[in-house]
2 protein chains.
Amino acid sequence: MLKEFPLSAVTIDDAFWNARLTTNRTVSLHYQLEQLKTTGRLDNFRKAAGTMSGKFQGRCFNDSDAYKWIEAASYSLTKYDDPVLAEEMQSIVELVRAAQEPDGYLNSYFTVNEPDKKWTNLGIMHELYCAGHLFQAAAAHVQATGTDTLVTVAKRCADHIYDVFGPEGRRGIAGHPEVEVGLIDLYRVTGEERYLKLAVRFVEQRGQPDSPIQDEYENLECIAGDESSKISFRQHFERAGHYCGEYCQDHMPLRNQTEAVGHAVRATYLYAGATDVAALSGDEGLFKALLEIWHNMTGKRMYVTGGIGSAWEDESFGPDYDLPNASSYAETCAAVGSIMWSHRLSMYKPESKFADSIERTLYNAVLAGVSLTGDRFFYTNPLESDGIAHPYAHQRRNRFSIERQGWFTTACCPPNVARLFASLEKYIYLQRDSEVWINQFIASTVKAEISGQTVTITQNSSCPWDGLATFSISAGRPVTMKVLARVPAWCDHVELELNGEPLALQVENGYAVVERMWQDNDELTLRLTMPVMVVESHPCVKENRGRIALIRGPLVYCVEQIDNRIPVGKLAMPVQQEFVTKQENHLLGGIKTIRGRAIDLGSVPGSEELYGPVKQLDADKTEEFVAIPYYAWANRGRCAMTVWIHKICS
Amino acid sequence: MLKEFPLSAVTIDDAFWNARLTTNRTVSLHYQLEQLKTTGRLDNFRKAAGTMSGKFQGRCFNDSDAYKWIEAASYSLTKYDDPVLAEEMQSIVELVRAAQEPDGYLNSYFTVNEPDKKWTNLGIMHELYCAGHLFQAAAAHVQATGTDTLVTVAKRCADHIYDVFGPEGRRGIAGHPEVEVGLIDLYRVTGEERYLKLAVRFVEQRGQPDSPIQDEYENLECIAGDESSKISFRQHFERAGHYCGEYCQDHMPLRNQTEAVGHAVRATYLYAGATDVAALSGDEGLFKALLEIWHNMTGKRMYVTGGIGSAWEDESFGPDYDLPNASSYAETCAAVGSIMWSHRLSMYKPESKFADSIERTLYNAVLAGVSLTGDRFFYTNPLESDGIAHPYAHQRRNRFSIERQGWFTTACCPPNVARLFASLEKYIYLQRDSEVWINQFIASTVKAEISGQTVTITQNSSCPWDGLATFSISAGRPVTMKVLARVPAWCDHVELELNGEPLALQVENGYAVVERMWQDNDELTLRLTMPVMVVESHPCVKENRGRIALIRGPLVYCVEQIDNRIPVGKLAMPVQQEFVTKQENHLLGGIKTIRGRAIDLGSVPGSEELYGPVKQLDADKTEEFVAIPYYAWANRGRCAMTVWIHKICS
């Protein structure tokens, strides 16, 4: 079993990421704090504590946004001083503490609005979900501050939940998983076995006969909640036709499941928690099921960007290969959940495919979720847009937009990205004994304790723009250490050098392995080829038939109308051509563009006919196109865009 | 304005069609008669006449199946003696006559089951629809037999309808059009102007404010009908969300409409009747609208087979370019309706595109609707099948099948094909003064009255297998005649010869024109190239992106699993290749196959990956594939099939 390094042991200093992480720290966190304040999310805690009067404001799960923010701020403060941020965080922690009831119960919606309905609507009302985020925040907070203010609150809450739903308590599961990962995090920082036991119990109870949450959906009249929640849930229920069973992975025991199903955020949070549960409790059957689900997700139900959850009706996974582009839900939170899950798998079963998936998802599905300015967000992430309107714009919810939004009524995504970025250090390296595993090529320093001394590894990396990575070793005395560097799936040729001399490549489980007695100042170099790859989909992905996508390294590219004369929906390109990449520092925060030749399908004779002879490439008719990284789209106003580009035979 | 030749003036003797038409005459007609008898469809008339007791049996529109059968039998008897058939037909005509009420009303459902509800549910209950089929049957019957038994019944019924819905009567339109074409046919054989006037009135009233049928849908409780009809209509209404307005082309005046919308059979029947109305009343505005609708239908909403109506939920036209293959509704009746309509357009605006569309539809969408044996039928016609089940098999209606069925509860399609085949002579030639227009290449003889003498033109044609057609003239004395032979859209090169000598090609409106003083025994030859054409769809047809179809002459081809090793869903072929055609007389009643080289996408390394490098053709890995005409599929048991084949770049 591999382990994360403490956040404090890793420091990022990366040409690509510095700008994004600085923006996250200096803009996003402060901007989101302002939203928490102005939307009543913090006032709800005051109302619960009795220091402010009035009804709960907003959706029943709004406490979780504050918890995610605390988690993100804690990560940030672990690495970077920010007295203002620290003070703000502490005052929120105080609000949370004050809102807790004497028995440990903590949920401002129920305390304020429906104190007699606690734990009566586990399926819909998100109490356990909010608790899970509290636990994750507390675990981050104690690591950041060394103080147990919040972890004490979390433990009292967890103890209360253990009393209610533990082995001596009643049956219960969360309609929206999250409490499972939360309990594991809390178990890790407190060592309290009961929290692990409770997480196991929540995972095991899911999908059993007579689900404890089934009835709640069948009688919607009994939903507790503010009126807008009731209406929203009822509409959702009527539209999607369900809100239980497969929707929340409660249709059969998880160990019997084989496919990624239901609401994609619920799914990945559950799978992540269950992966911890399986590994920590040595449950091989459960772990095997989770691997099968993961392969189904990544092999049949994932966008090329790493986005997941294609069905807009219920934010869920669709059937195999059903991956619509313009209406792709691909919720930013689901991408974050996917990373959470793959990260845990990579710890318990170190194969490079998990970190490959994290990389793909991070650089595309997640990164697209926030603007370059750090204060505008996508909830759903389409892979194609006509530049006019989202296909579901008529739903009148601002999540169905082709422009990033400032905030959402359900604001799960912005703080989710914030906490991921603020803890990006966690995803770069893993450790097991004297092994250091390199999962991501992000320039950084890691201090590893190996054989009783601190060994510093300094990574320099030109990713995602180029494939050169060097690792400099700093060690007081020679040290026997096994370095395992991921060979990315996008790389078809890798060369290794040690101190400038070629080194034979040895690959285990997708990692290039160098095991030796390292000397101070040793330098390991990886040269990863990073050509423009022209990829196509499995033929069962109807949406993408006859279309190709450009990928270079971890980045999926797209064509955005503003850079191209040819209408992007009619832009067609031959597969075999010389693509030209160019660093453009003044474009979109500095990117590498891909340029090549394409034709305008609309200009081909007969192009308006319903059926006609196959169009062949006329080389004289080609003109230049420009592709940009997908993550950078929609930063220059409303604009047509597509990831999948028509292919033409030359 | 061109005119049809009387059925008696044309005699088909064609290598391709003789077998199909003989089967239609000797098998289909008798088989369908048996169905009419055993399913209570004839008994319903006896019950209405009081010669049998009991309730009406089946769906409310079942009278129409008997009328369509009479129409088909009449056409057949015009050309071919069959005393048994003649006697059976006459006895049915007697049943119909006896079922008519004293005031001319004729509909066995209402007479038997709900005599006090007549004309109260025009939208749903199909009374005017059944009347329309009675009129068409009567027009065919009088031409076949020279007796006015049925036409007298029809006139009494039409007169009654004129009293109820004519200029002095109430407003009313038919939920399912058909009465319009019926009235026109009756007008043509009787010369009674009131029937034309009534048809005009029915067309004009459609789409006006306060539709006379709107209310009937809004209060479904008031539907007259047997219980199963009520349930079926209610389910349909709830599923499709409507049963009026656009569904039956009643959303705006027809002259303002621009798109082919709603239920495809209702649509084409209406458009056909309205085309007659526009032409006969000189209504250019209406005619212009119909042309625009026709271009929308053929240019954006038609399958490559000529099938129309892609939306299974309500048997309707979908949006532009929405043409799913496995679930294509493409009802056989809608294809027949499309031919009825295009035929009328070709009379009033003689351009070759109308006959092109008829040919495409006839040889593919319609011909596929009946088995080679003549006693099994498709209601819906998919362009793709996995060989296991129709995508909507769970609907448990046998129209959603990948095998032809013996009969249907709603049995509109089988007799519709029968009447089309039995009157195929109508579609080959048209006449205007001393012009003879050749619309279809079907070997036959036509006797034309030109300048006071009978000129016989004998067409020999190798269509659809080859593109050679000759026309031999037999005339007692030289005759000035203009022959106009359609140059099919599938032909990119045509050569003309007169008596073996090359003749310069002169084309008007898509017809090769030869105007001269013809001598007895003159022979005109058309040599039409008929290569294998590799076609693709407009890029907006998502279903067909990256896929191609093989077309040769009028025939669309498909690959059926029984002929191919490669799973047809994974069969991919390069566009540029030498296709080999081969006459195979022992296969499927004698067909020409197309053979070429294809690869098995499933055998390409990485083929199971969700995303991977674009597969390039490996010429060593190709193997032979066999394609057969689409019309012949599903005659050898349950079998995977596809018209649209993956394309691979070479």
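- At a heavy-atom separation below 4.5 angstrom, chain A is approached by B:Thr298, B:Gly299, B:Lys300, B:Arg301, B:Met302, B:Tyr303, B:Val304 within residues 298-306 of chain B.
- Of the two parts of A:Ile551, neither the backbone nor the side chain holds a non-hydrogen atom closer than 4.5 Å to a non-hydrogen atom of chain B.
- Heavy-atom neighbours of chain B within the stretch residues 599-611 of chain A, taken at a separation under 4.5 angstrom, comprise A:Leu601, A:Ser607, A:Glu608, A:Glu609, A:Leu610, A:Tyr611.
- Interface remark: B:Val541 contributes side-chain atoms only to the contact with chain A (heavy atom separation under 4.5 Å).
- Looking at A:Glu543, the atoms closer than 4.5 Å to chain B (heavy atoms on both sides) sit in the backbone and in the side chain alike.
- Residue A:Trp490: no heavy atom, backbone or side chain, is found under 4.5 Å from chain B.
- Counting heavy atoms from C-beta on, the side chains of A:Arg545 and B:Asn544 never come closer than 4.5 Å.
- Between chain A and the residues B:Ile648, B:Val614, B:Val535, B:Ile548, the largest count of heavy-atom pairs under 4.5 Å involves B:Val614.
- Counting only distance, with no hydrogens or angles, the side chain of B:Glu536 and the backbone of A:Gly612 share no donor-acceptor pair below 3.5 Å.
- For chain B, the option among A:Gly569, A:Cys540, A:Cys649, A:Gly546 with the highest count of heavy-atom pairs below 4.5 Å is A:Cys649.
- Looking at A:Lys570, neither its backbone nor its side chain comes within 4.5 Å of chain B, counting heavy atoms on both sides.
- For chain B, the option among A:Pro539, A:Ala489, A:Ala572 with the highest count of heavy-atom pairs below 4.5 Å is A:Pro539.
- When the ring pair (Phe, Tyr, Trp, His ring centres under 6.0 Å) test is applied to B:Phe317, no partner is found at least two apart in sequence or on another chain.
- Residues forming a ring pair (Phe, Tyr, Trp, His ring centres under 6.0 Å) with B:Tyr321 (at least two apart in sequence, or on another chain): B:His538.
- When heavy atoms are compared at a cutoff of 4.5 Å, B:Val575 approaches chain A solely by way of its side chain, counted from C-beta outward.
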